[in-house]
Each structure stands twice: as structure tokens, then as C-alpha cells.
Protein chains: 2
Amino acid sequence: MARTALTRSEVLDAAAALVRQHGPAALTMRKLAAELGTAVTSIYWHIGNRESLLDALVERTVLEMGAIAPRGTTPVDRVVSLARRLRRELRARPHLIAMVHERGLTERMFLPAQQALVREVHAAGLRGAAAADAVRAVQFQVVGFLLVERNRERAPAQSPGEGALWSAPPPARDVPRDAALARALARPVDPDRLFTTSVRALVSALLTPPAAVGDDRITPSGP
Amino acid sequence: MARTALTRSEVLDAAAALVRQHGPAALTMRKLAAELGTAVTSIYWHIGNRESLLDALVERTVLEMGAIAPRGTTPVDRVVSLARRLRRELRARPHLIAMVHERGLTERMFLPAQQALVREVHAAGLRGAAAADAVRAVQFQVVGFLLVERNRERAPAQSPGEGALWSAPPPARDVPRDAALARALARPVDPDRLFTTSVRALVSALLTPPAAVGDDRITPSGP
DNA sequence: ACCTGAACACCGTTCAAGT
DNA sequence: ACCTGAACACCGTTCAAGT
């Protein structure tokens, strides 16, 4: 009995520790109370129910996600560097990022990064709606890649995986027989490389003006 | 008492219905048993525990996800059409897709689509490792976009959202003041349009070799 | 082979009662 | 203002027992 007064942030710290080590499922109110040396119900007084506890945890993570500075000289390089640093930051907090995602707050967490993107896209000469499109395309691309990547890491060995399927002869009739391609697809993905390649392709297509060599693109009209 | 013999697929049907309507959290063994008119423990005999029930449900969804045929004439158009049809298919099954994702099976679910991509990328003239890179870049892009989109839909009105932040003057010093851009970013995202724009940008950057204007593509006979 | 109820060990949450 | 234990309504899972 008679421990020092329980504080909200103390509860959050303990909860964050539990989540960090064993994932959000391991965070039960009773375990948390035991960890803190209090009665379960004290937590309710300070934070409310489990849901708002998780919300508070997520809120914290979002705030910790500060602004990021780009590097490089060309606009494409700078945007790519932004994307890569974002990716590194997020990969350091897998569980909490997942919880941010589950709560639909991923976008908000990315707002500082969005502002940096706006700066670079503007510097590249894009204006108005076209600039906004470019910013959002990159943002979706980066966040999306991270989610896919997280997904893949959780299930490292799937069966049948790409490897098994592509080292055998292609099952569908009209899939071309390209040995080098099949070999490449049978190898595991190198996320670093794929990420950089993808972002660079997207960004250079978005930032370089169409150059108008007899191209058919005018304004995209809705389908 | 005395209902017709319980079958595995009957259990799965009932479970799928529960998930479809109220999400996976609403799928409790007791509710499911009540729905089926059996004892809770009968389910254990047929399927095992809750986890393997969910696994079976996910397995089913993956199998339901058949191959998809591309449309259009140019390689870029055909790849974009593949991406768009994939997106439509997946958006029809939000809860189950989320469960597939949680189990790290998203990649496997996309294997048929991957084969279609290989076909198109090959037809566009890419070979070997470069072709594999292109296929994977597109695949990650599509899956990633879907995950981000799902995330956004779950939290339609975030505060402070992009809107609030961009309709006020930019908080960071060196964020450029571009009224049209700010207005565009304050408007809600149009996912259809953004998706098509992004995929098209990525694909055209990946498929068009840096030079070469006069090349003819090598035919696929497309439906 | 299939199904059952009882029991166990866990949950989150509420509430009246303490200080 | 802060903390408590008891109690409630839910879980998933096991198991011995039925047919």
C-alpha cells in the first residue's frame, strides 16, 4: 500500500512498455495495474477505459513524430530522401504504428512530412492542384509501402509463396517463360531497394513536366 | 437438440456472415454457437479454436480471389486497368481483407494478379530483373494504396485534419504560400482519381524506356 | 464420430464505499 | 480528489461424460 500518487503519464509509460514488448493484445487492465502496483480501478479514474488508454498512447506516438528535413540537391533526390527517412522513423515503432493505423490516424501522423513534401514539390515548379496531387500521391505511396512491408514482415515464410510458385513452370498458359524474370521473382524482396526504386519512379514521373513528345495525355478526366 | 449434423462449411458460413455484418470483434464462439443452434463446444470439435476458425475464413477469402483480366490496348492502360479492377474487388470485402492483412496473407492473395502483371510487363518489353522490379513496384503500390484508403475510410473526419491545417496560414515558416495548392489540399481526397493518377505515373515511368519513341508493342490479344 | 454442460481462468467495467 | 474490493457480464478453452 501507500505508493506515490499515480499519474496519468506514469500509466501511459507502463502501458507503452507493455505494448512495446508484447504487442497491444498483452495490454490488459489487470496486468497494467499489477505492473503499477495499484488497483485496476485506479487506472479508470485517471484514464478512463481501455479504449481511451490506447487512444492516449496513439496520441503520444503521433506527437513524437516530428518534422523531417530533406537532403540532396535535385527535387527528386530531396523527396526520395524525405520518404526514406520517414520509413526509417516508422519502422522503429512497429506496434504503436499499427495502433495508429487501426485508429485511422496515419494521415494525421504524416502531416509534418506532408508540409515538407509541399515545399519540395513547390520548389520543383509544380503549382496548385497539380502540386497537391503530387504531394498526395507520394504520401499515399510511402504510407502504403510501409503498411505492405509491415504485413510481409509478420508472415516471413508463406506457403505457397512467390518463390515456390515462380520456381516451378508458370501455371497459367500465357504467362511468358522468362527464366531471369522467374528467378528474380523467386528471390525474396529487397524492401530497401524496391522502396527507393518505386518512390524514385513515381516522383520523377510526377515532377518532370510531360515534355510533350506527341503524347496523348491531357487532363485526366474522371471515369 | 436434434438439429441436422453440423458441418465445417456451415460453421464457416455463419462465421463469415457475422464478420461481414459486424466485424471480426463481433465473432465470439458463444454467439456463433447460438446462431448455429449448437453447443459452443461442438464448434471446437469441427474447427478447433477461434484462431483457426479465423484462419479458415481468411483461407476462403484468398481462394475466392480469382484471376483478373486486363483491358485496354497500350501496356500502361492494361496495367492500370488491372490495378483498378483489383481495387474494386477488394473494396467489396473490407472486413475479410483486413483479416487477410492481419495474417500476412495479402501477398498470397495477390498472386493471380501478379501473374497478370508479369504478362503485361513482359509485353511492354521488360525482361528479367527489371521486369520483376516493375511487377513488384506496381503490386506494392496497389496493395499499399488499398491499405491507406481503408485506413482513411475508417476515420473520415479527423481533427485536426488536412483541411483545418491547410485552410489556415501554413504554420511552418518556409512552407510556400500557394493559395490554389492550399485549397486543393484542404479539399477531401478523391481516391478514385488519386489512385489512377498514381498508378499511371508509376507505371509509365517503369515501362517507358528512357528513349525510344517509335517502338511498337508486341501484341497480346486482349479481351 | 459427434455433441453436451459444467467448470476454469481470464477479461473490461461499474459502483458503492472508503480516505 | 483519489483509491479500493466486490460484483457483474462477458470471454476462450478444456474435459469428462454422454450417444
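Chain A is the first sequence line, chain B the second, and so forth, proteins listed ahead of strands; every chain is numbered from 1.
In DNA chain C, runs of at least 3 consecutive Watson-Crick or G-U pairs, each pair with both distances below 3.5 Å, span C:4-8 with D:12-16, C:12-16 with D:4-8.
Taking atom CZ of B:Arg30 as the reference point, atom P of C:dC10 lies 15 Å away to the nearest angstrom. Separating the CZ atom of A:Arg50 from the P atom of C:dT14 is a distance of 15 Å, rounded to the nearest angstrom. Atom-to-atom, CG of A:Leu54 to C1' of C:dG12 comes out at 12 Å; the value is rounded to the nearest Å. In this structure, B:Met29 places its CE atom 14 Å from P of C:dC3, rounding to the nearest Å. In this structure, CG of A:Leu36 is placed 11 Å from P of D:dT4, rounded to the nearest angstrom. Rounded to whole angstrom, the span from the CG atom of A:Leu6 across to the P atom of C:dT19 amounts to 20 Å. Between the CD1 atom of B:Ile43 and the P atom of C:dG5 there is a distance of 12 Å, rounded to whole Å. Separating the CG atom of A:Leu32 from the P atom of C:dC10 is a distance of 17 Å, rounded to the nearest angstrom.
Rounding to the nearest 0.5 angstrom, the gap separating the CG atom in B:Leu185 from the CZ atom in B:Arg187 is 9.0 Å. Atom CG of B:Leu111 and atom CD of B:Gln139 lie 7.0 Å apart (nearest 0.5 Å).
In terms of phosphate contacts, B:His46 brings a side-chain nitrogen or oxygen within less than 4.0 Å of OP1 or OP2 of C:dC3. At C:dT13, none of the side-chain N or O atoms of A:Thr41 fall inside 4.0 Å of OP1 or OP2 (strictly under the cut-off). An OP1 or OP2 oxygen of D:dG12 is reached within less than 4.0 angstrom by no side-chain nitrogen or oxygen of B:Asn49.
Ionic pairing of B:Arg71 and B:Asp77 is not present here: no N-O contact between side-chain nitrogen and carboxylate oxygen is shorter than 4.0 angstrom. A salt bridge is defined here as a Lys NZ or Arg NE, NH1 or NH2 lying under 4.0 Å from an Asp or Glu carboxylate O, and A:Arg119 with B:Asp178 fails to meet this definition.
Residue A:Trp45 has its side chain nearest to D:dA1 when only D:dA1, C:dT4, D:dG12 are considered. The nucleotide whose nearest atom lies closest to any side-chain atom of B:Ala5 is, among C:dC3, D:dC11, D:dC3, C:dC3.
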For residues 82-90 of chain A, dump all side-chain donor-acceptor pairs below 3.5 Å to protein atoms at least two apart in sequence or in another chain.
residue, atom, partner, partner atom, Å
A:Arg85, NH1, A:Ala69, O, 2.9
A:Arg87, NE, A:Glu149, OE1, 3.1
A:Arg87, NE, A:Glu149, OE2, 3.2
A:Arg87, NH1, A:Asp192, OD1, 2.8
A:Arg87, NH2, A:Glu149, OE2, 2.6
A:Arg87, NH2, A:Asp192, OD1, 2.9

For residues 28-47 of chain A, which side-chain N or O atoms pair as donor and acceptor with protein atoms under 3.5 Å away, sequence neighbours left out?
residue, atom, partner, partner atom, Å
A:Thr28, OG1, A:Lys31, N, 3.0
A:His46, NE2, A:Leu6, O, 3.1

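Note on B:Thr28: only backbone sugar-phosphate atoms sit closer than 4.0 angstrom, heavy atoms only; bases stay farther off.
With no hydrogens or angles considered, no side-chain donor-acceptor pair links B:Ser52 and B:Asp55 at under 3.5 Å.
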